Amino acid sequence: MYEPMSHAFKESAHAALADPDLQQAMAKLKTGFQTKRRVAVDGLPEFDALRDRAREIKDHVFLNLDYYLERFEAKLTEQGGNLHWCQTGEDARQAVLDICRKANARTVTKGKSMVAEEIGLNDFLTANGIEPVETDLGEYIVQLAEEPPSHILAPAVHKTQDQIADLFLEKHTKFGKTQRRDNSRALVDEARQVLRQRFFDADVGITGANFLLAETGSIVVVTNEGNGDLTQSLPRIHIVVTSIEKIVPNREDVSVILRVLGRSATGQEMSAYTTFATGPRRSDEIDGPDEFHVILLDNGRSKMLEGAFRDVLRCIRCGACMNHCPVYAAVGGHTYGWVYPGPIGAVLTPALIGVKEAGHLPNATPFCGRCEEVCPMRIPLPRMMREWRRREFEGKMSPPAVRYGLKLWGWAARRPAFYRLGTGLAMNLLGRLGRRKGRFRSLPLAGGWTGGRDFPAPEGKTFMARWSAGERGR
Amino acid sequence: MSEARDAILASIRRSLGRGSLSAAEAKPLDERLVGGKPHIIPRRVEDTAAWPDLFRAKVESIAGTVDEVADVSEIPAAIERFLGRRNEPNGVVVSPDPVFEGLPWGDASTLDVCFGAPGGKDEVTVTKAFAGIAETGTIMVATGPDHAATASFLPEANIVVLFKSRLVGAMEQAWARFRAEHGAGMPRAVHMVTGPSRTADIAQQLELGAHGPRRLHIIIVGDG
Ligand code: SF4
């Protein structure tokens, strides 16, 4: 299921644009995420100062990453936790499996974890006779549908309510739920009922981590549903699947980043649950797991520290860049063909799985600069996309992939239907070719973000300036 | 495993173009690790007198509810008020905290009280907050002999008792207090809870009570 399909961006984009359900679901990005973020950001005068500080904190960590990881390990061990260092996704999967096997685990519940997606953990566990049960509602929906997530926060954002109602009817009949639910409240309740027993039955709970605290050896998990906390509190074993760049020195440092995370992600000042978990249950505590394992993945990140792409390691997976990306809004997350979609995916994916598979993703951008404007960690995403492209043209990329990239441009430019659909993608491509000036009006499939206002043809600076003046995030 | 450890640390150092840090180089980092130095505290919490109002407004803005009583002895009646008003079943699972164990539960005839950790079918829990954070309407709770993590996540309704003296302005102030009472260590889990459980995973429509409580009710207890 997680075989990268990034090379097929062109075909996937075409299909996505012609999919009315997807377009209906994606049109809500603006009201759903953009407006809420805007309101939350406007409500905190210190937001920009906090972003600057958040960036400084992470940059400081990266310069001393070896030190902080060693301190984290020492603290975690002191509290009775186990740290598993893993260079590759394969090592990480195996480490998880070994723990599950030793515990004779048959089912594991899972909180949402992008790193677990990155290493393809679900398929691996299933192949080895262990049933993973996703418990984040969005993850649960895509797991039932046998699809990968399409958004790093809202994995099922591409699905309409009707599609989910049909899916639940089909998959929940075996739990005695034979009525089709026609509203979101009833659908949420049904999932809650079905999953409740699974939390109690699971032998192992697996979560990700948003941050690793060197000060205390804690892992910090930010969620809204409460599933992550049931996942780590009820089973006998808690496994945290995470990666080396998530270190933050101390609790004051993480406070800074939390203030920009929730606002950027969902427009919340704080997500409902921010949990600092530190080791297994203490002897005098009432509940909690007996074993606490942290799987610490590198998977190429230590190499990324080196140069051009170090900044992207600051990413806190808030999703703001995709929520504000015209290309993402038009084609949806699946089109990017791997775990991380949107602008962050366009930069991170080539670094993690190679330019051969994903080197052309950085072409899928109008360089409007919106992602960088809203990124709480001030990651220069457009600059990095340019850097990937520069590498292509300097011939560091494999020749077929380069040819492929060029073919993609030609393909879009030659197709009037694609142009008429008025997608961000098409505009980006046309804009890059420098043949169009003026405005697009009423783009049917990108209505969610053009919102009835004229849309300027992309022309570099002017385009960016318009966004800055009219729609600027801070 | 230790092979992987060495390889990852070596790769980091290679990328940074240096060896491991000397003790002298590590010294400022050691100091930073202790923590305790806030960065930027939002101005909205400057006025300490406004904390109670700010806290209440923030909790209500995220679909929580707040009640206030003058003394601990009024807690059972406040719980009845909350549950009665909404026709909730009256079984309540109360954290085994000495403060709660000594309350006049006998006066609250509509409550069926037991102490301990909740199971999957218990609908109401009563827990005690370590602190309340006015900045965002957040409650901080910590696991221990007197508090189970699941008490904050399993029920339909979680009632949290917050002593007024434990209301702080910002997160950093809650941590300062935490260090003062718990030292440098941490219990198994510290939860910051901001409103009831929620999800927008069905077509981006906000629904409360995804897996955790649909209702979060905070009873602020005065100091006298
Ligand atoms: S790149 Fe920035 S905006 Fe995008 S997910 Fe990461 S932190 Fe958020």
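Hydrogens, waters and symmetry mates play no part in the numbers below; they use all other heavy atoms, side chains included. No experiment lies behind these values; they were computed from the predicted model shown. Chain naming here is simple, since letters A, B, ... match the order of the sequence lines and numbering starts at 1 in each.
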Stepwise ring-ring contact (aromatic ring centres under 6.0 Å, His included) test for B/W175 and A/F276
CA-CA 12 Å; B/W175 284 126; A/F276 294 69; 4.7 Å; yes
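Residue contact with chain B, scored on non-hydrogen atoms closer than 4.5 Å, involves the backbone and the side chain of A/R251 alike. Of the two parts of A/S233, the backbone and the side chain both hold a non-hydrogen atom closer than 4.5 Å to a non-hydrogen atom of chain B. Contacts of A/L305 with chain B are made by both backbone and side-chain atoms, with heavy-atom separations under 4.5 Å. In this structure, the portion of A/F200 lying under 4.5 Å from any heavy atom of chain B is its side chain and not its backbone. For B/R198, the parts lying near chain A are the backbone and the side chain together; criterion is any non-hydrogen pair under 4.5 Å. Only the backbone of B/P196 comes within less than 4.5 Å of a heavy atom in chain A; its side chain stays farther off. Looking at B/E135, the atoms closer than 4.5 Å to chain A (heavy atoms on both sides) sit in the backbone and in the side chain alike. Looking at A/Q79, only its side chain comes within 4.5 Å of chain B, counting heavy atoms on both sides. Both the backbone and the side chain of A/Q232 come within contact range of chain B, each with at least one heavy atom under 4.5 Å from a heavy atom of that chain. Using a 4.5 Å cut-off between heavy atoms, A/H158 makes no contact with chain B at all. When heavy atoms are compared at a cutoff of 4.5 Å, B/D146 approaches chain A solely by way of its backbone atoms N, CA, C and O. At a 4.5 Å heavy-atom cutoff, the contact between A/Q268 and chain B is made by side-chain atoms alone. Contacts between A/L195 and chain B at a heavy-atom distance below 4.5 Å involve the side chain alone, from C-beta outward. Neither the backbone nor the side chain of A/R301 comes within contact range of chain B; no heavy atoms are under 4.5 Å apart. Of the atoms belonging to A/L137, heavy atoms from both backbone and side chain fall under 4.5 Å from chain B. Neither the backbone nor the side chain of B/L206 comes within less than 4.5 Å of any heavy atom in chain A. Heavy atoms of A/T223 lying under 4.5 Å from chain B are absent altogether. Interface residue A/R192: backbone and side-chain heavy atoms are both found under 4.5 Å from chain B. Proximity to chain B (any heavy atom under 4.5 Å) is shown, for A/L213, by neither the backbone nor the side chain.
Taking the charged nitrogens against the carboxylate oxygens, A/R181 and A/D189 have no contact shorter than 4.0 Å, which rules out a salt bridge. We find that A/E252 and B/R179 are joined by a salt bridge, their nearest charged nitrogen and carboxylate oxygen being less than 4.0 Å apart. Between A/E269 and A/R259 no salt bridge is recorded (no basic side-chain N to carboxylate O distance below 4.0 Å). Checked for salt-bridge contact, B/R18 and A/D66 meet the test: a charged N lies under 4.0 Å from a carboxylate O. Taking 4.0 Å as the cut-off between side-chain N and carboxylate O, A/R71 and A/E78 do not count as a salt-bridged pair.
For A/F33 and A/H151, the ring centers are positioned less than 6.0 Å apart. Ring centroids of B/F153 and B/H191 are separated by less than 6.0 Å, placing the two rings close together.
Options B/G36, B/G17, B/G137, B/S152 differ in how many heavy-atom pairs under 4.5 Å they form with chain A, and the most are formed by B/G36. Comparing B/A170, B/P145, B/G119 by heavy-atom pairs within less than 4.5 Å of chain A, the highest count is held by B/P145. Ranked by heavy-atom pairs shorter than 4.5 Å toward chain A, the options B/A148, B/S61, B/G35 are led by B/A148. Chain B forms the most heavy-atom pairs under 4.5 Å with one residue out of A/G80, A/S184, A/G138, and that residue is A/S184. Counting heavy-atom pairs closer than 4.5 Å to chain B, the top residue among A/G262, A/P155, A/P280 is A/P280. No other option in B/A184, B/G209, B/G195 has as many heavy-atom pairs under 4.5 Å with chain A as B/G209. The candidate with the highest count of non-hydrogen atom pairs below 4.5 Å against chain B, out of A/Y140, A/F62, A/Y68, is A/Y68. Taking chain B as the reference chain and counting heavy-atom pairs below 4.5 Å, the highest number among A/E73, A/Q163, A/R281 is found for A/E73. With chain B as the partner, the residue from A/V256, A/I164, A/D229 showing the most heavy-atom pairs under 4.5 Å is A/D229. Considering only heavy-atom pairs separated by less than 4.5 Å from chain A, the leading option among B/I133, B/T138, B/V34, B/I202 is B/I202. Interface summary for chain A: among B/T143, B/I62, B/L216, the most heavy-atom pairs under 4.5 angstrom belong to B/T143. Most heavy-atom pairs under 4.5 Å with chain B: of the set A/S302, A/G81, A/S218, this distinction falls to A/S302.
Under the 4.5 Å side-chain criterion, counting only non-hydrogen atoms from C-beta, B/L83 is in contact with B/V92. Looking at A/Q161 and A/L187, their side chains come closer than 4.5 Å, going by heavy atoms from C-beta outward. Counting heavy atoms from C-beta on, the side chains of A/R310 and A/L63 come closer than 4.5 Å. Looking only at side-chain heavy atoms (C-beta outward), B/V113 and B/L103 stay at 4.5 Å or farther from each other. Within the 4.5 Å cutoff, side-chain heavy atoms of A/I57 are placed close to those of B/H39.
The aromatic rings of B/H182 and B/F178 lie parallel to each other, their planes meeting at an angle below 30°, with 60° marking the opposite boundary. Between A/H238 and A/F292, the ring planes lie perpendicular to each other; the angle is over 60°, past the 30° to 60° tilted range. Ring geometry for B/F82 versus B/H217: interplanar angle under 30°, hence parallel rather than tilted (30 to 60°).
Taking non-hydrogen atoms and a 4.5 Å limit, the residue list of residues 43-56 of chain B in contact with chain A, ordered by number, reads B/R43, B/R44.
Applying the salt bridge (charged side-chain N to carboxylate O under 4.0 Å, His left out) criterion to B/D97, with sequence neighbours excluded, gives B/K128.
Checking A/D253, A/V248, A/T274 one by one against A/L258, the side-chain contact (heavy atoms from CB on, under 4.5 Å) holds for a single residue, A/T274.
Under 3.5 Å, the side chains of A/E90 and A/T88 contain no donor-acceptor pair of N or O atoms. B/T125 and B/N158 form a side-chain donor-acceptor contact under 3.5 Å, judged by distance and modelled atom types alone. A donor and an acceptor atom, one from each side chain of B/Q205 and A/R185, are nowhere located under 3.5 Å apart.
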